[in-house]
Amino acid sequence: MRYKLAIASGKGGTGKTSISVNLAALMADNPPANINQVLLSDMDVEEPNASLFFNDPNCMLRQDEHRLVPEWDQQRCTLCKRCSNVCEFNAIAFLGTRVLVFPDLCHSCHACSTLCPDDALPMKKHKMGESAYFKPQFENLTLIENRLDIGQPSAVPLISKAFENLENAAIDNSFIIMDAPPGTSCPMMEVTKNADFVLMVTEPTPFGLHDLRIAVETVKKIQRPMAVVLNKAGSGRDQLIEDYCKREGLDIVGKIPESQQVAEAYSRGELVYKLNNEIGEVWQQLGNNLKKQMQL
Amino acid sequence: MKEIVVISGKGGCGKTSVTAALAQLAAKDIVLADADVDAADMHLLMAPENTKEESFYSGKLAVVDQEICTRCRICIEHCHFDAISIEEGDLKINEIDCEGCGLCTHVCPLNALHMETQRAGLLFEATSRLGTPMVHARLDIAADNSGKLVTEVKNRSREVADQFKKDIILTDGPPGIGCPVIASLTGASLAVIVTEPTQSGWHDMKRMNDLLNKMQIPAVILLNKASLNAGLAADIKKFAADNHLGYTIELPYDPVFSKAISEGITIPEYGRDDLTDLFRQAWKIIIETLK
């Protein structure tokens with residue numbers, strides 16, 4: 001069995017990464033009976049932060065990640081313009097007797113390459129980012145970080161690659177936590193559509209509610225089961241989120257109180273799930289509630 | 001015309017609160033734009049009255065004619081996005097997975113597939129409750145192409161600025177460093193990087209700075225939640241100096257920011273004169289940097 005949990009939110013900065021890293025550590029510390037390994041995949045590829053919370057973890061492997069884009073073969077090309085006519089993304093242009101390929105606009109769909117009658121646009125590797133495998137100081141926990149190169153426009157191909165990396169790293173009975181990108185468009189959907197369960201992180205403000213609502217509608221459309229964590233509880237109007245979840249029939253599996261102590265620990269890149277006070281208790285409870293929800 | 005884009009890399013640093021506070025202070029002089037189209041929140045503070053609403057079409061979707069299709073599977077074999085399958089005897093296009101590339105329509109031997117343009121969202125011209133012209137948008141649920149909608153917002157805000165004879169466009173940008181962010185920064189005169197002294201805020205700000213260097217856009221820093229971690233706050237200030245970034249103000253870690261959002265008002269309206277003065281100072285530095 002492999003269980004994939006996505007940690008998502010519409011609004012940025014609600015605490016996705018906090019929840020992901022603390023939950024991964026909590027699960028690795030105290031794994032459910034049928035789980036042999038916890039894998040944390042940082043899929044917020046534009047701004048990956050999870051590794052900052054594991055005290056300079058040992059990096060076991062770092063590799064470049066590529067996608068395929070066409071490369072013009074001048075010798076073979078007969079300048080028929082079939083490629084630029086079929087490209088839906090304006091990634092190919094003719095300049096006199098030259099063909100220009102714009103990798104930033106290319107969606108790697110292979111249309112030009114497949115349809116070129118002269119085989120003049122073979123698909124070649126193009127670097128888009130890198131992935132790194134970390135071994136934090138927890139038995140049974142591996143972190144895979146996926147990092148988009150600066151200036152690369154699209155996060156989605158690297159997220160697809162991140163799923164391939166996960167498939168290769170996962171063993172039987174793996175519990176997989178995926179830290180998703182913020183927003184509700186392509187990158188966030190790419191992560192959540194491949195999840196068994198989505199945990200929505202929100203905060204008790206009208207912004208939090210507004211973006212939660214869009215994120216929930218999005219995940220409904222891709223038909224994934226979900227639950228909500230209310231972060232920074234008490235800092236605004238908790239009732240906003242509670243009423244909405246009740247109406248939508250969504251379970252709130254945890255309420256993490258707003259606390260200066262937690263915010264300061266977060267600023268230093270420290271985990272808080274083991275704090276010896278009510279914060280630690282809230283985390284234990286959240287872990288237990290989730291195990292129940294996901295029937296682990 | 002000058003375009004100021006408020007940006008952060010990391011989400012939740014306070015972009016929208018900061019943009020709204022600056023908009024309040026400069027209301028007479030600006031057009032306000034919300035370029036965070038997939039989690040647009042500015043309208044919650046600005047209660048805009050929409051004067052124009054337009055559908056935004058972008059991206060295509062493959063559509064199959066079941067009568068013509070013989071389920072030969074050639075399209076399925078060619079699709080690089082696993083968006084086509086056969087379900088209960090019908091050819092099915094998965095709308096979420098379809099990239100809109102059209103390869104299937106070209107390889108189909110019977111022309112059983114064609115492409116249709118999709119509605120991706122709504123674009124609004126409005127007047128905010130501050131009286132400023134405002135351009136904002138809403139991406140449809142599960143729609144594609146937020147980068148293109150951001151470009152629409154930018155283009156429209158320029159037209160509106162011309163129309164109302166405003167010299168400054170103040171734009172609330174999206175989080176991250178990818179396509180929507182690049183779209184929102186294209187043509188910017190100045191980026192205001194809102195950051196916070198946390199390991200994540202610091203890390204993301206450095207990546208944002210790399211992107212801005214690549215795009216050759218000058219930037220100033222605004223440090224939010226400065227009192228959270230004095231050490232990192234000092235590091236960020238030093239980073240600004242070492243990298244020739246302007247440095248505007250430091251805001252404290254203060255519950256008033258969440259409270260103001262919860263009441264749907266801006267910080268200057270909340271009546272905290274100390275914070276309002278800081279924002280005034282920030283705006284002054286931003287305007288001087290623009291000159």
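None of the values given here were measured: they were computed from a predicted structure. Atoms considered below: every heavy atom in the structure, side chains included; atoms not considered: hydrogens, waters and symmetry mates. Order of the sequence lines sets the chain letters (A, B, ...), proteins ahead of strands, with each chain counted from 1.
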When only pairs under 4.5 Å are counted, which of [options] shares the most heavy-atom pairs with chain A?
options: K225(B), E196(B), K214(B), H203(B); value: H203(B)
options: E99(B), M215(B), K259(B); value: E99(B)
options: G176(B), S8(B), P175(B), C79(B); value: G176(B)
options: D36(B), V107(B), L45(B); value: L45(B)
options: C104(B), G264(B), G11(B); value: G11(B)
options: P174(B), G100(B), P255(B); value: G100(B)

Segment of [X] engaging chain A (4.5 angstrom heavy-atom cut-off):
X: A183(B); answer: neither
X: L232(B); answer: side chain
X: K60(B); answer: side chain
X: P197(B); answer: backbone
X: L139(B); answer: side chain
X: I141(B); answer: both
X: A143(B); answer: backbone

For chain B, which of K221(A), E217(A), H107(A), E258(A) has the most heavy-atom pairs under 4.5 Å?
->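 Max contact count across the listed options: H107(A).
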Just give me the residue among S9(A), P48(A), P182(A) that pairs up with chain B most often, heavy atom to heavy atom, under 4.5 Å.
->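 It is P48(A).
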Decide yes or no on side chain to side chain contact (heavy atoms under 4.5 Å, CB included) for Q199(B) and E270(A), but give the supporting numbers first.
-> CA-CA 10 Å; Q199(B) 289 293 343; E270(A) 292 169 6; over 6 Å; no
Decide if atom [atom1] of [X] counts as having more than 12 heavy atoms of other residues, nucleotides or ligands within a radius under 6.0 Å.
X: N85(A); atom1: CG; result: yes
X: R73(B); atom1: CZ; result: no
X: D118(A); atom1: CG; result: yes

Do H43(B) and H210(A) have their ring centres less than 6.0 Å from each other?
->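 They qualify: ring centres under 6.0 Å apart.
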So do the side chains of S235(A) and S258(B) get within less than 4.5 Å of each other, counting heavy atoms only?
->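 In short, these two side chains touch, coming nearer than 4.5 Å.
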Drop me the distance from K10(B)'s NZ to D44(A)'s CG, to the nearest 0.5 angstrom.
->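 Nearest 0.5 Å value for the NZ-CG distance: 9.5 Å.
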At what distance, to the nearest 0.5 angstrom, does CD1 of I182(B) lie from CD of Q152(A)?
->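 Going from CD1 on I182(B) over to CD on Q152(A), the span is 8.5 Å.
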I would like to know whether H80(B) and C109(A) meet side chain to side chain contact (heavy atoms under 4.5 Å, CB included); could you show each step before the answer?
-> CA-CA 6 Å; H80(B) 280 267; C109(A) 73; 5.7 Å; no
So, the side chain of R207(B) versus the backbone of E46(A): is there a donor-acceptor pair under 3.5 Å, distance only?
->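 Yes, the answer is positive, given that a donor and an acceptor are paired below the 3.5 Å cut-off.
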Output yes when a side-chain donor or acceptor of S185(A) lies under 3.5 Å from a complementary backbone atom of S146(B), and no otherwise.
->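 Judged by distance alone, no pair lies under 3.5 Å.
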